[in-house]
Number of protein chains: 2
Amino acid sequence: MEFNEAKNKFVQTWGALGSQWGINKTMAQIHALLMVSAEPLSMEDIMEALHISRGNASMNLRGLMDWGIVYKEYKAGERKEFFTAEKDLDELAVKISQERSKREIKPALKILKEVSSIEGNNSAEAKHFIEQTTKLHDFVLKADNVLDKITEYKDNWLTKLVIKIMK
Amino acid sequence: MEFNEAKNKFVQTWGALGSQWGINKTMAQIHALLMVSAEPLSMEDIMEALHISRGNASMNLRGLMDWGIVYKEYKAGERKEFFTAEKDLDELAVKISQERSKREIKPALKILKEVSSIEGNNSAEAKHFIEQTTKLHDFVLKADNVLDKITEYKDNWLTKLVIKIMK
DNA sequence: CTAAAGTTTCAAAAATAATTGAAAGTTTAT
DNA sequence: ATAAACTTTCAATTATTTTTGAAACTTTAG
């Protein structure tokens, strides 16, 4: 396999995988592209590499920057903006898990708390509902905390985790 | 909040959350509904509760069974099939992580291995590509192994993990 | 200040994914 | 063997999400 073919395959695969995880294809592709680019890329570069429109590139780059995993860079003497991806994988994983926690887990916990706290319901059905949603709340809360703790290491959290788990 | 309102809110929220995670809304809703139902539900029950068609219910129930998190049950003397969800959260998490590993992580690893193994490329660009995809491969592989190890405990893996991590 | 270079926004169009519903397929009781 | 009860399948429809492209906006150089 030749370099450009491999690069293309990587970008495509990452894009497809993104879809399965609720991230839009283009966003995942842009991220993949930036991950393997030695140099920062301009919006033009990205548009050309992925055959996408200016608007699409702009919106998805904004999205990636909101996740904190892509940065703007300015090159000396250049008017254009350039973009780079967070290439440190530990840092990347930490950022993603922090954002997902903030955007999805925390709001879900709030709802779980709410619905598991209904009162004055004494049917067997209601009892089971309360029990189950309470368990779910506690489970998700615990998992969220573990994630928090794990990623607190920042550097080499995965390696440290491997060591803890394996022994 | 009254019981039915709470139940509805829970099902809706779980459905919305599912979408964000690449699971279709109805599938997530059916799962949510079964999770909080004290009794197994028939297809009719589910269709009525979620206002969905027979075909939709059938396909998504099949999907959930393929994930191994919803089971068919037969009630004595009843012709109809009934469905229940895996309600043990440890078991649920284990099943989900095993399936995702099999369906998504393993194939991704294969591609990463492939694209990071290109040869005879000595441009700086190609070198960076190989380096980055190799790192990614090793990272994902390690994470997949950790997940495997963790869920091997089956029972109370989360609790055991909390203990390991916190101390 | 003005024009050029660049970026963002957003309504409309296109692409993708989910859903329906009816026909085909199964299973079971008699 | 047959008919009733029930489930599955899938082409067509509907809903949702993504993408485009051109206008509006912003910034910078001269």
Side-chain angles (χ1 to χ4, degrees), chain A residues 11-34 39-67 70-84 103-104, chain B residues 11-34 39-67 70-84 103-104:
Chain A
V11 170
Q12 291 305 120
T13 304
W14 228 235
L17 219 50
S19 306
Q20 291 182 298
W21 282 85
I23 289 140
N24 100 30
K25 195 184 60 179
T26 304
M27 198 186 270
Q29 285 182 343
I30 294 178
H31 186 250
L33 182 65
L34 291 174
E39 291 298 309
L41 301 182
S42 70
M43 208 148 94
E44 304 279 344
D45 295 336
I46 294 167
M47 286 164 58
E48 192 179 349
L50 303 177
H51 302 94
I52 59 172
S53 70
R54 188 171 293 285
N56 198 6
S58 172
M59 285 181 123
N60 283 299
L61 280 166
R62 151 125 342 270
L64 286 164
M65 290 190 302
D66 289 347
W67 275 85
V70 161
Y71 315 111
K72 258 188 198 166
E73 286 205 356
Y74 297 94
K75 277 192 188 171
E78 285 263 28
R79 178 77 172 277
K80 262 199 285 271
E81 299 174 338
F82 289 81
F83 301 88
T84 2
R103 296 183 193 200
E104 292 147 20
Chain B
V11 170
Q12 291 304 120
T13 304
W14 228 236
L17 218 51
S19 306
Q20 291 183 298
W21 283 85
I23 290 140
N24 100 30
K25 195 184 58 176
T26 303
M27 198 186 268
Q29 285 181 344
I30 294 178
H31 185 251
L33 182 65
L34 291 175
E39 291 298 308
L41 300 182
S42 71
M43 208 149 94
E44 305 278 344
D45 294 336
I46 293 166
M47 286 164 59
E48 192 181 347
L50 303 178
H51 303 93
I52 58 173
S53 71
R54 188 171 294 286
N56 197 6
S58 173
M59 286 183 123
N60 283 299
L61 280 165
R62 151 125 340 272
L64 286 164
M65 290 189 304
D66 290 347
W67 275 84
V70 160
Y71 316 111
K72 258 189 198 168
E73 287 205 357
Y74 298 93
K75 276 193 189 172
E78 285 263 27
R79 180 77 173 278
K80 263 199 286 273
E81 300 174 338
F82 290 79
F83 301 88
T84 0
R103 296 183 193 199
E104 292 146 21

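Proteins come first, then strands; the chains are lettered A, B, ... in the order of their sequence lines, and each starts at number 1.
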d(A:Leu33 CG, A:Leu50 CG) to nearest 0.5 Å is 5.0 Å
5′-ward residue of the pair A:Ser19/A:Ser58 relative to DNA chain C: A:Ser58
B:Glu78 CD to D:dA5 P, straight-line distance once rounded to whole Å: 13 Å
Rounded distance (Å) that lies between atom C1' of D:dC6 and atom CD of B:Glu73: 18 Å
Whichever of A:Glu81 and B:Lys25 has its nearest DNA chain C nucleotide further upstream toward 5': A:Glu81
Rounded to whole Å, CD of B:Gln29 lies from C1' of C:dT19 at a distance of 13 Å
Nucleotide nearest A:Ser53 (side chain, heavy atoms from C-beta), chosen from C:dT19, C:dT8, D:dG21: D:dG21
Nearest heavy atoms of B:Gln29 and B:Gly15, plus distance in Å: CG-CA, 3.8 Å
So which atom in B:Glu104 and which in A:Gln20 form the shortest heavy-atom distance, rounded to 0.1 Å? CG-OE1, 3.5 Å
With a 4.0 Å limit, can you tell me whether A:Thr26 has a side-chain N or O closer than that to the phosphate oxygens OP1/OP2 of D:dT19? yes
If the cut-off is 4.0 Å, is A:Lys80 near the phosphate of D:dT27, judged by side-chain N/O to OP1 or OP2? no
If you measure from CD on A:Glu81 to CZ on A:Phe83, what distance do you get to the nearest 0.5 Å? 5.0 Å
Separation of atom CG in B:Asn56 from atom P in D:dT14, rounded to whole Å: 15 Å
Separation between CG of B:Leu61 and OH of B:Tyr71, rounded to the nearest 0.5 Å: 14.0 Å
Could you grab the distance from atom CE of B:Met65 to atom CG of B:Asn60, nearest 0.5 Å is fine? 11.0 Å
Output the rounded distance in Å from CE (A:Met59) to C1' (C:dC10). 7 Å
Check the distance between D:dT28's P and A:Lys75's NZ and give it to me in whole angstrom. 18 Å
Is any side-chain heavy atom of A:Phe82 less than 4.5 Å from a side-chain heavy atom of A:Ser42? yes
Rounded to whole angstrom units, what separation is found between the CZ atom of A:Arg62 and the P atom of D:dT18? 18 Å
Which whole-number value in Å describes the distance from A:Arg79 CZ to C:dA3 P? 15 Å
When the axes are fitted on five pairs at both termini, how much does the helix from C:dC1-D:dG30 to C:dT30-D:dA1 curve, in 10° steps? 20°
For DNA chain D, which residues of residues 42-52 of chain A approach it to below 4.0 angstrom with any heavy atom? A:His51, A:Ile52
Is there a side-chain polar atom (N or O) of B:Asn24 under 4.0 Å from OP1 or OP2 of C:dT19? yes
Exactly one of B:Asn56, B:Ile52, B:Asn24, B:Val70 should register a side chain to side chain contact (heavy atoms under 4.5 Å, CB included) with B:Ile30. Which one does? B:Ile52
Which atom of B:Glu73 lies closest to which atom of B:Pro40, heavy atoms considered: OE1-CG, 3.3 Å
Taking atom CE of A:Met43 and atom NZ of A:Lys80, what is their separation to the nearest 0.5 Å? 10.5 Å
Does a distance-only test, which skips hydrogens and angles, find a donor-acceptor pair under 3.5 Å between the side chain of B:Arg54 and the base of D:dT7? no
